[in-house]
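Here's the structure, in structure tokens; my notes come after.
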Amino acid sequence: MRSSRLPVEKTDDSESCQDEHEEDIPKSSPFDFVMKQFQGKRSSLGRRQQPSDMKRFFRSLDFGKSEGKDRKETEETEVKGSGADDQSEKQDLSVEDGPSHPIPEVQSPSGEQRFHQFMQRLGKKPNSKNLDLNNCALSAADVTELASLLPFLPELEEISLSWNGCVGGTLKGLTAHFHGANLLKVLRLNNCRLSAEDVTSLGEAFEIIPQLEELDLSWNSNIGGKLSLLTKKLQKGCKLKFLKITDCNLTAKDGESLAEILSVIPNLEVLDLSINKHIGCSMKVIAQELKSVPGLKELNLHMCGLKQDSLQGLDTALQHLSELRKLDISCNRELGGGFKDSTTHLASLKNLQVLDLHQCWVTEEDTTALSQVIPLLSSLQELNLSSNKNIGASSDPLLGRLRFLPKLKSVAISNCGLGEESLSSLAEAALHLPELEILDLSWNKCVGGNLKLLLGALKLATKIQVLRLSSCNLVAEDLALLTLLMQDGHLARLQKLDLSYNNTISDKGWVVFCQGLAGFKELSELDVSLRPSSCRDCGTWFSDLLAALTKLPALAELGMQRWGLSESQQKRLECFNQDNKRNIRFDC
């Protein structure tokens, strides 16, 4: 078909420009108009009706179609074409012009939702009052994100970030948001590699967390020499009750800084300065200020480099600490010889429940002085005199007078060089200790062959749960005695039994013991290991042991170090847990 060409006239650009919301009027030819309409459709949403105008224009032109064509067919074609054009138009718009209807904005998660997501990512259960993130391998970015979440936790009372090394150096960003957590009562930052800047930031934050009651900074060695950055920020009337600064490399100067602020924390109940070997030099100053905290219930000075003069100052301070429940001055070797002149006020501690003097190099004279004081501690429940080898020969009076302490639950006198007479004194006193739960006689060779001296006491000690007899030179007769006690209904509550390092026990003794072992129904830990320098093959008692284990539902740990197992015995041991659906940890 021959097509018609229409002449195109030139027009003025200014006259051809119309408002984008008005329809263009053709100036020269229908084709010119069509092209403008087509281009306009892609440039503005205001021209969405223009394709229909184009169709009406084309229908007014004659392109050689038969004039006799059925009008109905034409109308149907028009309707179909119009639908296709409309659909095409929608597709064009969706790609190039965006949606015809606005899409609602996606709402950002709320602060509470962010907190839940943060905790779940770390594998922790969200708790708006107790934020427990101990040992979570937190990164610096995590600490920053946590800081941004604090304003959404107005009920927060506890924050525990211990054992996260990356907290060090980032604490300032966290404490800056503490104003949103002004109900905070507990802050634990153990082993976080805190720096001097962190300590300073923490001190500055005290003003915005006035309810803080517990602060634990233990195992941050960089605090040493910088404690004043913290203490000088404490204000009078501070509500701090628990202050723990274990193993922080504290210096004598730190001790003096601490002494200066005791007067502004009158509610202090627990002071833990353990494993700070250099603070002993300032113990006199600290002791003088302890009168400012009369409600102190626990004082831990374990391994603090205390000397005899430190003990003298401490004893003077004890007269002001009538509420003290626990006193730990263990592992201070230079205290030896100082007790004889420094126990005057120890007897005034009527509420004392725990006294730990292990490894203090207590002398015979010290033992004599202590034997006059310790029996007066009517509330005492735990006494630890272990690793004081020099008290053995003179311990009779002290051990014999333990009978005056009917509330005693734990007696530890391991490695004290006890003799047979000392053991007899203890056995007699133990007859008057109905609450006894823990008895540790390890590393006292005199027990071997003489366990029968404790027969009466062990019969009456119906609550005993832990019995430690490691390296006591035990013999078969001693194990037979334990088995007999069990068969007669005694030691029914025993949970932990330590018989390790007793190479003197014959195979016959182990056979007797293993055959009766099933009677210890509540036993959870058993240790029968040999000394490090030795090795023996398991005898026929091994079969009796496995048979007994099937009848001990509570047993979880079995120590058998340096016992040689045959290939078949090893295989039986490996299959034991699977066959009996148990999970006993064999330490072989």
Checklist entry - Would T175 and S201 count as having a side-chain donor-acceptor pair, cut-off 3.5 Å? => result no

Item to check | Side-chain H-bond candidate by donor/acceptor type, S160 with D132, under 3.5 Å | outcome: no

Item to check | Given R188, K185, K241, the one that forms salt bridge (charged side-chain N to carboxylate O under 4.0 Å, His left out) with E214 | outcome: R188

Next on the checklist: Between S257 and T231, do the side chains contain a donor N or O and an acceptor N or O under 3.5 Å apart?
Outcome noted: no

Next on the checklist: I want to check something: taking the side chain as every heavy atom from C-beta on, are K297 and K326 in contact at a cut-off of under 4.5 Å?
Outcome noted: no

Next on the checklist: Can you classify the ring geometry of Y501 versus W443 as parallel (below 30°), tilted (30 to 60°) or perpendicular (above 60°)?
Outcome noted: perpendicular

Checklist outcome for this item: R536 and I505 have their tightest heavy-atom pair at NH1-O, 3.2 Å

Checklist entry - Backbone N or O of S414 within a donor-acceptor pair of the D440 side chain at under 3.5 Å? => result no

Checklist outcome for this item: Across all chains, not counting sequence neighbours, the side chain to side chain donor-acceptor pair (under 3.5 Å) partners of K124 are none

Checklist entry - Can you tell if the side chain of I159 reaches within under 4.5 Å of the side chain of F178, non-hydrogen atoms only? => result yes

Next on the checklist: To the nearest 0.5 Å, what is the distance between CG on N222 and CG on L194?
Outcome noted: 8.0 Å

Checklist entry - Would you say the side chains of N502 and T504 form a donor-acceptor pair under 3.5 Å? => result no

Checklist entry - Does a side-chain heavy-atom distance below 4.5 Å link L491 with I464? => result yes

Checklist entry - Can you name the closest pair of heavy atoms from N390 and V362 and give their distance? => result CB-O, 3.5 Å

Checklist entry - Side-chain contact, heavy-atom cut-off 4.5 Å: D216 with L189? => result no

Item to check | Test item: D272 and I245 side chains (from C-beta on) under 4.5 Å apart, heavy atoms | outcome: no

Item to check | Passing candidate, side chain to side chain contact (heavy atoms under 4.5 Å, CB included) with L217, options L187, N190, L202 | outcome: L202

Item to check | Carboxylate-amine/guanidinium proximity below 4.0 Å for E435 and K463 | outcome: yes

Checklist entry - How many angstroms lie between NZ in K232 and CG in L227, if you round to the nearest 0.5 Å? => result 11.5 Å

Item to check | Candidate list T251, L273, L301, L306, test side chain to side chain contact (heavy atoms under 4.5 Å, CB included), partner I279, passing option | outcome: L273

Checklist entry - Can you list every pair that meets ring pair (Phe, Tyr, Trp, His ring centres under 6.0 Å) and has a residue in residues 219-270, with sequence neighbours left out? => result W163-W219

